[in-house]
Amino acid sequence: MDVPAGSGLTGEDRSPFAQPDGRVPPQGVPGAIPAPGTIPAPEGEIPPPSHRTRWWWASRGVAAVLLLFFLTVLWLLFTAPLSKSLEPIAPPELTLLASDGTPIARNGAVVEAPVEAKKLPAHVKNAFIAIEDRRFYSHWGVDPRGMARAAVSNLFSGSTQGGSTITQQLAKFTFLTPEQSLTRKAREALIAFWLEAWLTKDEILERYLSNAYFGDNVYGLRAASLHYFYRRPENLTKQQAAMLAGLLKAPSRLAPTRNYKLAEERMRVVLGAMVDAGYLTQDEARKLASPAIDVRAKKELPTGTYFADWALPEARKLSEGGYARQTITTTLDARLQRAAQAAIARAPLGKAQIAIVAMRPNGEVVAMVGGRKYAESPFNRVTQARRQPGSTFKLFVYLAALRDGWEPDDTIVNTPITQGSYRPKNASENYSPTITLEDAFARSSNVAAVRLWQEVGDDKVIRTARDLGVRSPLAKGDPSLALGTSTMTLMELTAAYAGIAGNDFPVRPSAFPAQEQGWWDWLTSGQTSLSGSEKAEMEQLLRAAINHGTGKGAMLRQANFGKTGTTQDHRDALFVGYAGGLVTGVWIGNDDNSPLNGISGGGLPAQVWRDFMRVALGEAALPPKPKPRKSPNPQGPVVPLDIPDLGDLPIGDPRLGVGNGEATINTDIGGVPIDVRIGRDGVRINPGTIDEVTNRAESAARDLERRAREVEARARENARRLQPPPP
């Protein structure tokens, strides 16, 4: 085929689809010659492009997002509790369960009447709006600007700020669980829109202020105002309102009854926010003095158990994200609690008090008895009483020595101390030229412990105690510290021994199951442990104290470890130890710190410890559970229903007669003659008798009612005189 001159193409280069002038028409347009193996498009139809454009993908992406959004909204409409959004909110109630599901305590919240926005001073409302939701009156329930501002602050400042509006917070703590998830946040936003559509802004603010948590188990602004300042919310000062508004960030931690300094610092932050929002001038905020709290004594309803009293404040922290009724399972083991109570019941205590606490090596408390009888004294001697630990403190002295390179077979002088102002003596007055650390610990030699404290140095002893979780003050430079003269709680001491048992410290006692740690939590937890040799040597000493030392009375069939403790003049007697994955501490003493009648740590405390541990570890059977007494009110105290003797009833001598096919009983009750006839027609009572008894009963009832009203009126008058009304 000839190639036109000047085309630059040879016959081999020319396309087979070229037109006579040598041009190749574009494919896919009318008049084009189809490529081999393709089907030409019908006449007049434009074939599809060979690839998708960006606009095509973008439009379909937007459509997919919109479809997903509408599906999500539809799903939330069916799953979010919108139907209850406008219902009255029930006061929160917290129920604690033992580990087997047995209810052990039920505690309601402190609540008062709701507040009305129109009756509150402007500075009260402005304090909450300034710190929680400055654009409250302009947004529709969700504030994108606030969320963006919080996100930027969290990203660049390292602080944690929330972008939730007041409406969202109301939705969260009244209708939802405190879980942190995108689903919960989406539900929160949807309910916020719903509330904004059906309620006015003031109604939303009223619900929010009337139901928010303010710490100390107090819910709602009115209850908080009366609790912390004994003042009606309508009469709150600017600084009082600012302090209450500041509590909402962390109610339990910032409560002024627990940490006034933190509450005061937070109040200043709120006042600064009010200045920024234009509610106060800088000069006005600077002149406001910190308010004094005014907490009036009120009768607290006891829970009935020492464990529940201790666990409830922590449970409130866990549940403060929600307002609904909640049930939380604790670590309390009902069987072990019964074993502890049985061990105490068998102990010949006389008038002395006793406390016992048992926990797992990770700090999960499974049994706690804080005194002989809770009904007589709810004071918890496990967590509240600060007593001298005696020789149980020697754990820290000897462990500090082992960490410093000493070994159990090393010797130390065991002769009387004759120099210096502090000259302790051994309890048994037994001395020797030298003694090994193992024997000194087992026999609880006081002079050896003080000399070891001097050799190691009190800095290392105190640091060891701190590593094991002791936070009570420890006297620096005082040699008596080696013998346990600094006070601490039994809980604190037992947790330190738990750190040795689990070789992971400090141990933080808890009433709730420990959360499993991830690798990052493990790296950043600050936990410490002993080397394998240090743990083995410390347990060698603890075992020696039981095998051939002062703790023989606590010996079990299996290997157990522990230490006795007795303070000066036998004012405190203790035994703390562990076996079989259970760490237990026992204390005996008098609340007035008077001496015990010769009770030492190796005596009654060791016996109580052994009785409890034998049952706990299966070496002995649990005593049979006492049969419950009947009660006319299952929700109230147990009251025995004793049947009085017939002699206690005002019944006269009955006279029995038989005749005419019936029996007749004639007697009197309280002087009223009773005529009862029993025959074929059944039992018949003289109608006049019934009327007389009824009349007398009605008269007595009216008289009793009148007297009750008089007593009630006098009681109210006395209460009114003693308790001035809140301002």
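Computed from a predicted structure; not experimentally measured.
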ring-ring contact (aromatic ring centres under 6.0 Å, His included) involving Tyr208 - partner list, sequence neighbours excluded: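 Result, ring-ring contact (aromatic ring centres under 6.0 Å, His included) vs Tyr208: Phe173.
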Would you give the length of the straight line joining atom [atom1] of [X] to atom [atom2] of [Y], rounded to the nearest 0.5 angstrom?
X: Leu247; Y: Met267; atom1: CG; atom2: CE; answer: 11.0 Å
X: Phe229; Y: Thr237; atom1: CZ; atom2: OG1; answer: 7.0 Å
X: Leu195; Y: Thr200; atom1: CG; atom2: OG1; answer: 11.5 Å
X: Thr102; Y: Leu96; atom1: OG1; atom2: CG; answer: 12.5 Å

Just by distance, with hydrogens left out, do Asp202 and Tyr137 show a side-chain donor and acceptor under 3.5 Å apart?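 Their side chains do contain a donor-acceptor pair, which is all the 3.5 Å distance test asks for.
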Between Thr281 and Asp283, does any side-chain donor sit less than 3.5 Å from a side-chain acceptor?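 Absent: no donor and acceptor within the cut-off.
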Is there side-chain contact between [X] and [Y], with heavy atoms separated by less than 4.5 Å?
X: Pro114; Y: Glu206; answer: no
X: Pro233; Y: Leu120; answer: yes
X: Leu221; Y: Leu236; answer: yes
X: Leu248; Y: Gln169; answer: no
X: Phe214; Y: Ser225; answer: no
X: Ile131; Y: Met274; answer: no
X: Asn217; Y: Leu94; answer: no
X: Arg386; Y: Pro473; answer: yes

side-chain contact (heavy atoms from CB on, under 4.5 Å) for Leu97 and Thr95? Distances and angles first, verdict last. CA-CA 7 Å; Leu97 306 178; Thr95 300; 4.0 Å; yes
Quick one: salt bridge (charged side-chain N to carboxylate O under 4.0 Å, His left out) pairs with a partner in residues 208-220, sequence neighbours left out?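 Sorted pair list: Asp216-Arg258.
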So which pairs with a foot in residues 266-276 pass salt bridge (charged side-chain N to carboxylate O under 4.0 Å, His left out), sequence neighbours left out?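 Not a single pair qualifies under salt bridge (charged side-chain N to carboxylate O under 4.0 Å, His left out).
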Output yes when a side-chain donor or acceptor of [X] lies under 3.5 Å from a complementary backbone atom of [Y], and no otherwise.
X: Arg471; Y: Arg466; value: yes
X: Ser210; Y: Val115; value: yes
X: Tyr306; Y: Val382; value: no
X: Gln384; Y: Asn380; value: yes
X: Glu364; Y: Ala514; value: yes
X: Arg231; Y: Asn235; value: yes

Chi angles and distances behind the side-chain contact (heavy atoms from CB on, under 4.5 Å) call for Thr167, Trp194: CA-CA 10 Å; Thr167 315; Trp194 183 273; over 6 Å; no
One thing to verify: whether Lys249 and Glu132 come together as a salt bridge, which I'm taking to mean a side-chain N less than 4.0 angstrom from a carboxylate O.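 Looking at Glu132 and Lys249, the cut-off is not met.
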In terms of side-chain geometry, is the basic nitrogen of Arg222 or Glu234 positioned less than 4.0 Å from the acidic oxygen of its partner?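 A salt bridge links Arg222 with Glu234.
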Whether over 12 other heavy atoms sit under 6.0 Å from Lys238 NZ: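 Open.
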Which atom of [X] lies closest to which atom of [Y], heavy atoms considered:
X: His227; Y: Thr257; result: NE2-CG2, 4.3 Å
X: Asp504; Y: Val507; result: O-CG2, 3.5 Å
X: Trp310; Y: Val365; result: CH2-CG2, 3.6 Å
X: Phe193; Y: Trp140; result: CD2-O, 3.2 Å
X: Leu262; Y: Arg253; result: CD1-NH1, 3.8 Å
X: Leu332; Y: Val366; result: CD1-O, 3.4 Å

Among Thr494, Leu490, Thr489, which one satisfies side chain to side chain contact (heavy atoms under 4.5 Å, CB included) with Glu492?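 For Glu492, the side chain to side chain contact (heavy atoms under 4.5 Å, CB included) check succeeds only for Thr489.
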For Asp309 and Tyr374: C-alpha separation, side-chain torsions, deciding distance, then whether side-chain contact (heavy atoms from CB on, under 4.5 Å) applies. CA-CA 11 Å; Asp309 282 351; Tyr374 179 91; 2.7 Å; yes
